[in-house]
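Excluded from the calculations below are hydrogen atoms, water molecules and symmetry mates; all remaining heavy atoms, backbone and side chain alike, are included. Just follow the structure's listing: the first ligand is 1, and inside any ligand the first atom is 1. Quick note: residue numbers are just sequence positions, from 1.
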Amino acid sequence: MLEKNVSMIIATNNQHKLNEIRKMLPLSFTLETLKEAGVNFELPETSGSIEGNALQKARTVYLETGKTTLADDSGLLVEALGNQPGVDSAIYAGLPRSDQKNVDKLLAELDGADNRKASFVTVLALIMDGQEFLFEGRVNGQITEGLSGNGGFGYDPVFMPDGYDCTFAVMSDDEKNAISHRANAVAKLKEFFDKQ
Ligand code: ITT
């Protein structure tokens, strides 16, 4: 892509997401964290949908700062569970949030299930000059029967993308970042900036 000089706030409190997005964007993009932008409060996520929450987080930060803002809302959709945990992925096993408890609950819910199909979805919401844009990325796969791997975060140790025989947590960062839901959404974001 062309070396666009884009400056934006990444509206996330999740360090893993931030690291992944940083690696996916060209160095000509200047990314500011919420802390650096002086946004020190919890961002509301009450819309009930992944897309709605991405917009809600981006709008909150844009209203506060007036600066170009990118928010990421993501979730794991498990077919046999009626697409749960979905928008509730971060708090699937309740509060306080715990990746370990979420994964344990998911494996317990799917105990003995034949249908282990799942998709990761990311919606990126960009607000720039008062205009809103959405970019969705998805990756399909299966929930494994046990945990494997130490990389990644969240549900990565139990998610095996289609066409691979290991979980995201076994892959290197670069391997995950080449095919993930977030990578697909960021690719659309990059295309958008290419056309600007
Ligand atoms: P922000 O809202 O501050 O961005 P968050 O962690 O609360 O961070 P979400 O509301 O989007 O993020 O919650 C999504 C949850 O889904 C998150 O807690 C992870 O456990 C999980 N998740 C998202 N992306 C993931 C990925 O790439 N690999 C594994 N799990 C992921």
Proximity flag Phe159 to ligand 1, non-hydrogen atoms under 4.0 Å: no

Proximal ligand 1 atoms for Asn14, defined as those under 4.0 Å from one of its heavy atoms: 3 (O), 6 (O), 8 (O)

Within reach of ligand 1, part of Asp99 (heavy-atom separation under 4.0 Å): side chain

Between Thr122 and Glu136, a side-chain donor and acceptor under 3.5 Å: no

Ligand-residue contact atoms, ligand 1 with Asp73, heavy atoms, under 4.0 Å: 9 (P), 10 (O), 11 (O)

Aromatic plane relationship, Phe192 with Phe133 - under 30° parallel, 30 to 60° tilted, over 60° perpendicular: tilted

Distance from atom 3 (O) of ligand 1 to nearest protein heavy atom, with residue and atom: Asn13 N, 2.7 Å

Ligand-side contact atoms (ligand 1) for residue partner Thr12, heavy atom cut-off under 4.0 Å: 1 (P), 3 (O), 4 (O), 8 (O)

Side chain to side chain contact (heavy atoms under 4.5 Å, CB included) assessment of Leu77 paired with Lys117: CA-CA 9 Å; Leu77 280 55; Lys117 283 188 199 159; over 6 Å; no

Structural part of Phe168 in contact with ligand 1, heavy atom criterion under 4.0 angstrom: neither

For atom 9 (P) of ligand 1, closest protein heavy-atom neighbour: Lys17 NZ, 3.4 Å

Sub-4.0 Å atoms of ligand 1 with respect to non-hydrogen atoms of Asp72: 4 (O)

Aromatic contact, Phe29 with Phe193 (centres under 6.0 Å): yes

Identity and distance of the protein heavy atom lying nearest atom 13 (O) of ligand 1: Ala90 CB, 3.5 Å

Lys188 NZ/CZ over Phe135 ring centroid, <6.0 Å and within 45° of normal: no

Protein heavy atom at shortest distance from atom 22 (N) of ligand 1: Phe153 CE1, 3.8 Å

Atom 16 (O) of ligand 1: nearest protein contact (heavy atom, Å): Ser89 CB, 3.6 Å

Minimum-distance protein heavy atom relative to atom 5 (P) of ligand 1: Arg97 NH2, 3.4 Å

Distance filter under 4.0 Å to Lys176 heavy atoms, resulting ligand 1 atoms: 26 (C), 27 (O), 28 (N)

Backbone of Lys67 reached by a side-chain donor or acceptor of Tyr62 within 3.5 Å: no

Donor on one side chain, acceptor on other, Thr12 and Asp72, under 3.5 Å: no

Side chain proximity check, Ile10 to Thr33, heavy atoms < 4.5 angstrom: no

Donor-acceptor contact below 3.5 Å, side chain Asn184 vs main chain Gly137: no

Minimum-distance protein heavy atom relative to atom 21 (C) of ligand 1: Tyr155 CD1, 3.9 Å

Atom 10 (O) of ligand 1: nearest protein contact (heavy atom, Å): Glu45 OE1, 2.9 Å

Expected output: side-chain Arg116 to main-chain Leu110 donor-acceptor under 3.5 Å: yes

Check: Cys166 and Met160 side chains under 4.5 Å, non-hydrogen atoms: no

Proximity flag His16 to ligand 1, non-hydrogen atoms under 4.0 Å: no

Which of the ligand 1 atoms, numbered from 1, are nearer than 4.0 Å to a heavy atom of His181: 24 (N), 25 (C), 26 (C), 27 (O)

